[in-house]
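Since the structure comes first, as structure tokens, the remarks are kept for the end.
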Amino acid sequence: MRVDESGARRVGRIVETEAYLGPEDKASHARSGRTPRNAAMFGEPGHAYVYRVYGMYTCLNVVCGRPGSASAVLIRAALPIEGEDAMRAARIRHDLGSRRATRHADADPAARARIATRVGRLPVTGLASGPGLVGAAFSVSPDLDGIDLCSAEAPLRLEAPLGDVPGTIVATPRIGIAYAGEPWSSLPLRFYLAGERAVSGPGTPSTSRSRAVSD
DNA sequence: AGTTGGATGGTCT
DNA sequence: GACCATCCAACTG
């Protein structure tokens, strides 16, 4: 859940995660030991590890395990529960911001309209259906790195489950870590809710109509 | 429906 | 200088 200065809330249910086990996990950012970037991973459980990828996306992890174990869970997708419009606005801000970095695009109204149209057409299940999209929809910024996600006053925080865990949890290999080699690239450390359309990945793209499994 | 390449910049070798 | 815990537009069938 994200609470901004005006008090507006953006709430989502986490529907997809990945586990990163620690320094021995060749897919983990902790694989080369402690660095300035991954320092939060080596800290207190329940705190945030926020990092940037590909120059333009921020991803959110929840630190797990004992302090120093450097294990964490990447939040890969969420289903918006409250504040859907604020998430759309944040998505537009993010996309416009990354475009602004490209030269000669300052206040290009056509570009803004194009982005707003695309984001406006997204189904609610597509607003945070990927790690970079979670970061954009919830305005996860590098200054949130290391904050206590279990504090009731944190601007970004975890809340108690919104009821019973619905349906079945499926485990698959993690995404985008083929470089890590075996066994890390094959371990079933990605978890998602079966049938949840907000889940990212080839099997359940939120933008395409994946046919419901009959019966 | 599936594949490919571009954007983009910090981090590590 | 290469590599990314990514996403999207623009292709190909």
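Chain A is the first sequence line, chain B the second, and so forth, proteins listed ahead of strands; every chain is numbered from 1.
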Counting heavy atoms from C-beta on, name the nucleotide in [options] closest to the side chain of [X].
X	options	answer
A/M56	B/dA7, C/dC7, C/dA5	B/dA7
A/M41	C/dC7, C/dA5, B/dC12	C/dA5
A/T35	C/dC7, B/dC12, C/dC4	B/dC12
A/S32	B/dT13, C/dA9, C/dC7	B/dT13
A/I177	C/dA5, C/dT6, B/dC12	C/dA5

Please answer whether the main-chain N or O of [Y] pairs with a side-chain N or O of [X] as donor and acceptor at a distance below 3.5 Å.
X	Y	answer
A/R31	A/E24	no
A/S186	A/P183	no
A/R10	A/M1	no
A/N38	A/G33	yes
A/R174	A/A19	yes

Starting at atom [atom1] of [X], determine the distance to atom [atom2] of [N], rounded to an integer number of angstrom.
X	N	atom1	atom2	result
A/I115	C/dC7	CD1	C1'	13 Å
A/L122	C/dC7	CG	C1'	12 Å
A/R31	B/dC12	CZ	C1'	9 Å
A/E16	C/dC7	CD	P	9 Å
A/Y49	B/dT11	OH	C1'	10 Å
A/R52	B/dC12	CZ	C1'	18 Å
A/Y179	B/dC12	OH	P	12 Å
A/R37	B/dC12	CZ	P	6 Å

Are [X] and [N] close enough that a side-chain N or O sits under 4.0 Å from OP1 or OP2?
X	N	answer
A/R76	C/dT6	yes
A/R118	C/dA9	yes
A/R91	C/dC8	yes

**Prompt:** For C/dA5, which nucleotide is its Watson-Crick or G-U wobble mate, given both distances must be under 3.5 Å?
**Reply:** none

**Message:** By a 5.5 angstrom centroid cut-off and a 30 degree plane limit, is there stacking between A/Y54 and B/dG9?
**Reply:** no

**Asked** Stacking check: are the rings of A/Y57 and C/dT6 less than 5.5 Å apart at their centres and under 30 degrees in tilt?
**Response** no

**Prompt:** Of A/R112, A/R118, A/R114, which is the lone residue that meets side chain to side chain donor-acceptor pair (under 3.5 Å) with A/D95?
**Reply:** A/R118

**Prompt:** Is A/G132 touching bases, backbone alone, or none of the nucleic acid, heavy atoms closer than 4.0 Å?
**Reply:** sugar-phosphate

**Message:** By the 4.0 Å heavy-atom rule, please label A/R174 as base, sugar-phosphate, or nothing.
**Reply:** nothing

**Base C/dA5 paired with A/Y51 side chain (donor-acceptor, <3.5 Å)** = yes

